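If you're wondering where the values come from, they're calculated on a predicted model, not measured in any experiment. Position 1 is the first residue of the sequence, and the numbers go up from there. Every number for a ligand or one of its atoms is a count from 1 in the order of the listing.
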Amino acid sequence: MTRTPVNVTVTGAAGQIGYALLFRIASGQLLGADVPVKLRLLEITPALKAAEGTAMELDDCAFPLLQGIEITDDPNVAFDGTNVGLLVGARPRTKGMERGDLLEANGGIFKPQGKAINDNAADDVKILVVGNPANTNALIAQAAAPDVPAERFTAMTRLDHNRALTQLAKKSGATVADIQRLTIWGNHSATQYPDIFQATVAGKPAIEAIGNDEKWLAEDFIPTVAKRGAAIIEARGASSAASAANAAIDHVHTWVNGTAEGNWTSMGIPSDGSYGVPEGIISSFPVTTKDGKYEIVQGLEINEFSRTRIDASVQELVDEREAVRGLGLI
Ligand SMILES: NC(=O)C1=CN([C@@H]2O[C@H](COP(=O)(O)OP(=O)(O)OC[C@H]3O[C@@H](n4cnc5c(N)ncnc54)[C@H](O)[C@@H]3O)[C@@H](O)[C@H]2O)C=CC1
Ligand SMILES: O=C([O-])CC(=O)C(=O)O
């Protein structure tokens, strides 16, 4: 193996998503079956021992691509030379809690981590924020990293995208592989808007594939996707973990390796003002990726049904930005 290993930092490594994520990274599913990796695990001091346990298990897998594991409670060490940073560590939402409740507690985590990324990461660093509220946590980290290009900070809405794919596949009697051009717009929260108006199912418009059932769209599909996180908490007694880890793998893999011709994905990215989304907020958009870069899909027609819902979710992001500004976090 002659390739230089890629440094991948995972925060919250001893948590439930960390446990579902690290083994997949080490086995080559994040970056490719021929890309060696070095892992840096960041945890809070009381969780270091648990992180060590996970590292022992990683050792015991004897992954050929895994060229080192470092465990630390110091963000400056964790992000030293980082090429890919997965910011997972945060306080998960528990029953009855909305994401807004988490802004302040998690802001205190993402500001110092953004600074550590700014001061220590590799020039090509790519950041995915998973920890909730993911979009605004990404904004906080980005604001603390003025020397890193803003577009390197992204937030995860791929889990929402994947959830929407399956719901649409079930309704239309197709498989997820038949579906293209689905979009999640806005915030990773209950206001998010999963948009099927541009989507196709086995080549035909998705709206036709669901028998033009707008009632299902408005009253079933959208709330099911948008509130899936809460439904998982209700069912499992804990927030989604394996599916979240899977979506993180998908997000970074697509960012690095590209979208398929004719298709796109959804990523939370800093808005450039496209589709009337205020510049600077980290909102989910339809994006294509190529050569490690992403671009917002332009020129889509947004109907009235979609416009209202995109605007509502974007407004929530604007309000979250105001809230963290008020707290001095950006
Ligand atoms: N964007 C998305 O689609 C999803 C986001 N999430 C979010 O992901 C986050 C993590 O979820 P879980 O792994 O289930 O939580 P968890 O509680 O099992 O693990 C979180 C870990 O983060 C660690 N941590 C806390 N503060 C830290 C800090 N300053 N530095 C490093 N590590 C720190 C904790 O010690 C803990 O081990 C939560 O915020 C959750 O809401 C979960 C599912 C989907
Ligand atoms: O809802 C939560 O707290 C966890 C999460 O983000 C999700 O499953 O989408």
Side-chain angles (χ1 to χ4, degrees), residues 9-22 40-54 71-79 85-103 105-117 127-138 140-141 144 154-164 184 186-192 194 223-252 266-268 282 284:
T9 300
V10 177
T11 76
Q16 47 157 7
I17 295 176
Y19 195 72
L21 184 59
L22 289 163
R40 302 268 174 66
L41 315 187
L42 180 67
E43 258 299 348
I44 52 170
T45 317
L48 285 176
K49 196 164 162 50
E52 275 163 24
T54 304
I71 304 163
T72 179
D73 57 3
D74 180 349
N76 288 311
V77 174
F79 290 110
L86 303 173
L87 276 51
V88 178
R91 191 172 147 218
R93 190 157 67 114
T94 42
K95 248 185 184 175
M97 222 174 160
E98 278 308 318
R99 285 178 181 77
D101 302 334
L102 295 176
L103 276 177
N106 284 321
I109 296 175
F110 289 87
K111 193 173 176 179
Q113 289 183 2
K115 181 163 180 0
I117 290 164
I127 299 293
L128 167 63
V129 175
V130 174
N132 279 322
N135 302 54
T136 298
N137 284 340
I140 293 167
T154 67
M156 193 165 92
T157 54
R158 185 62 173 263
L159 178 54
D160 311 296
H161 185 98
N162 288 345
R163 287 165 171 166
I184 304 294
N187 201 0
H188 172 67
S189 78
T191 68
Q192 69 176 264
T224 297
V225 173
K227 295 181 184 164
R228 187 70 161 184
I232 301 275
I233 293 171
E234 188 63 38
R236 239 171 59 85
S239 61
S240 49
S243 56
N246 179 68
I249 298 274
D250 284 351
H251 177 114
V252 173
S266 305
M267 286 170 71
I282 298 196
S284 189

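The residue Q192 has no part lying near ligand 2, judged by heavy-atom distances below 4.0 Å. The proximity of A244 to ligand 1, defined as any non-hydrogen pair under 4.0 Å, is limited to the side chain. Contacts between I109 and ligand 1, counted as non-hydrogen atom pairs separated by less than 4.0 Å, involve the side chain only. No part of R158 comes within 4.0 Å of ligand 1, judged by heavy-atom distances. Both the backbone and the side chain of M156 come within contact range of ligand 1, each with a heavy atom under 4.0 Å.
Every residue meeting the side-chain contact (heavy atoms from CB on, under 4.5 Å) condition with A238, not counting sequence neighbours, appears here in chain and number order: Q16, R236.
Ligand 2 places these atoms under 4.0 Å from at least one heavy atom of S240: 7 (C), 8 (O). Of all atoms in ligand 1, listed by their number and element, those nearer than 4.0 Å to a heavy atom of L159 are 3 (O), 44 (C). Each of the following atoms of ligand 1 lies closer than 4.0 Å to a heavy atom of V88: 8 (O), 9 (C), 10 (C). Taking every heavy atom of G12 and a limit of under 4.0 angstrom, the matching atoms of ligand 1 come to 21 (C), 22 (O), 23 (C), 31 (C), 32 (N). Each of the following atoms of ligand 1 lies closer than 4.0 Å to a heavy atom of G131: 7 (C), 8 (O), 9 (C), 39 (O).
Put simply, part of I233 is less than 4.0 Å from ligand 2, judged by heavy atoms. Heavy atoms of A14 approach ligand 1 to within less than 4.0 angstrom.
Ligand 2 has no nitrogen or oxygen under 3.5 angstrom from a nitrogen or oxygen of S239.
Counting heavy atoms only, V130 comes closest to atom 1 (N) of ligand 1 of the residues L87, V130, D73. Between atom 33 (C) of ligand 1 and the options I44, N137, L41, the minimum heavy-atom separation is to I44.
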